[in-house]
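To start, the structure itself, in structure tokens.
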There are 2 protein chains.
Amino acid sequence: MIQPRPRTIPEATVARLAVYLRVLTALADGGRSTVASGELAAAAGVNPAGLRKDLSHLGPCGVRGVGYEVRTLRDRISRVLGVERSRPCVLVGIGNLGSALSDYAGFGSRGFEFVGLFDAAPARVGQRIGGHTVRPMDELEEVVAATQASIGVITTPAEVAQSVCDRLAAAGVRSILNFAPVTLSAPPGVDVRKVDLSVELQVLAFLGQQRLVSPVEEPA
Amino acid sequence: MIQPRPRTIPEATVARLAVYLRVLTALADGGRSTVASGELAAAAGVNPAGLRKDLSHLGPCGVRGVGYEVRTLRDRISRVLGVERSRPCVLVGIGNLGSALSDYAGFGSRGFEFVGLFDAAPARVGQRIGGHTVRPMDELEEVVAATQASIGVITTPAEVAQSVCDRLAAAGVRSILNFAPVTLSAPPGVDVRKVDLSVELQVLAFLGQQRLVSPVEEPA
DNA sequence: AGCCGCTTGTGAACGCAGGAACAAAGTCGC
DNA sequence: GCGACTTTGTTCCTGCGTTCACAAGCGGCT
């Protein structure tokens, strides 16, 4: 039982690996067999040297003078990220955003499958969205236990997000993706990642405003 | 003509300022008059010292021994971020995600207003969503010019995202928020930010898998 | 008025990520 | 079979972000 890659991989690298994986999948679907770091880096929007450093965390996986074998590298990254087989996820809060996510094709094709949709509003329970039926909150724990879902997505209003987080964690969910505009606290051993859409817009607004002062960094 | 804050503010700080702004707004609505860095940092989920350093970029705005005046600080951050008044935005691609975003209350209440929704599919044109009517792509340039929209949001399929980006940039949009799973290239002077939902899930999957090896960092 | 406690703002050290340059290695052409 | 070219993997270095720790300043109490 060897551990060829026991060391930790930086989180920034993990995020980029996911991008490389997408590009590699597209290349493989296009019939491409090998690719060099320069081309891959351009497609992913990163520096070639940084890309090679990222891949070096997986061990040597390229051929000098040639490049990387597309399918081999794709499979290797899939295995490292843990998306080689589909993972069951539950989604709580079937509003507009929740409906969009549950129906988002980008998830199913990338190793994530929603096995339970939940909402507290009786009017929404029973609706069919993306091949699944919305369930009442009462069934949350039961479904998590039955499906061994390890990932939960929260798209509820901010007021109830913390209580949903608590229930998910208690039910055994170990990873939570939070779209509600609050900072959640979870017990140790549970990872929480936050996606805040309005923050992204506000950063853009700031950059746009700042450009009015120092228009563009134009080199001589 | 002095320049009290001419220097650039780190982008990571700007993102956190947006979070502080949300917390401060909630505190102000709750009638709170002052708040200390410790409490504010806890609500935002960051280190108190880092929060004070972030705020120091705005100049002295607290009172030693007391804390920060909630409303004053809120207004100051709003001004720095450039969201003191509403900004016009256009949204291209009215699929599930686009519909959700156009209807998302979190945008309107935080200084962003969609002034144009666009889609290429004739079936979607004419639909009313969130108080606006979906327009055909032909009218994109016209609406951007008429409304002086400076921010564009792309929620189209990946295949057409680059062409939409080109048209937005040509029409005068200076900031673009991209939800399509591709890396866009834009002319200089145009900022592009990318939000990749499946990357977030894949990072979570990796962290969850990694926990199986080194279960939890339990200090003695 | 003077002291004390609390909180801010800042300076310094640490760790990490990103970029450039270089050596190793493998392939293609002759 | 050998040389030259291409590309990877690594190392060094620079800069940024984060954290810790302390001095300065203000309000409240006596």
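Computation of the quantities below employed the complete heavy-atom set of this structure, encompassing side-chain atoms and omitting hydrogens, waters and symmetry-equivalent molecules.
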Proximal nucleotide (of [options]) relative to the [X] side chain:
| X | options | value |
| --- | --- | --- |
| R52(B) | dG9(C), dA12(C), dT7(D) | dG9(C) |
| A12(A) | dG18(C), dT10(D), dT10(C) | dG18(C) |
| S56(B) | dG17(D), dT8(C), dT10(C) | dT10(C) |
| K53(A) | dT7(C), dG18(C), dT8(D) | dG18(C) |

(request) Give one of base, sugar-phosphate or nothing for A36(A), where a contact means two heavy atoms less than 4.0 Å apart. (result) sugar-phosphate
(request) Determine the contact category for G50(A): base if any of its heavy atoms lies under 4.0 Å from a base atom, sugar-phosphate if only primed atoms, P, OP1 or OP2 are that close, otherwise nothing. (result) nothing
(request) Among L117(A), V153(A), L177(A), find the one that has a side chain to side chain contact (heavy atoms under 4.5 Å, CB included) with L101(A). (result) V153(A)
Rounding to a whole Å, what distance do you find between [X]:[atom1] and [N]:[atom2]?
| X | N | atom1 | atom2 | result |
| --- | --- | --- | --- | --- |
| L17(B) | dG17(D) | CG | P | 13 Å |
| R64(B) | dG9(C) | CZ | P | 6 Å |
| E69(B) | dC26(D) | CD | P | 15 Å |
| N47(A) | dT8(D) | CG | C1' | 14 Å |
| L51(B) | dT8(C) | CG | P | 9 Å |
| Y20(B) | dT8(C) | OH | P | 13 Å |
| L55(B) | dT7(C) | CG | P | 16 Å |
| E39(B) | dT8(C) | CD | P | 11 Å |

Do the charged groups of [X] and [Y] touch, with an N to O distance under 4.0 Å?
| X | Y | result |
| --- | --- | --- |
| E69(A) | R76(A) | no |
| R167(B) | E141(B) | yes |
| E11(B) | R193(B) | yes |
| E39(B) | R32(B) | yes |

(message) Here's a test of your reading of the structure: between Y68(B) and D54(A), which maps to the more 5' nucleotide of DNA chain C?
(response) Y68(B)
(request) For dT8(D), take OP1 and OP2 only and decide whether either is under 4.0 Å from a side-chain N or O of S37(A). (result) yes
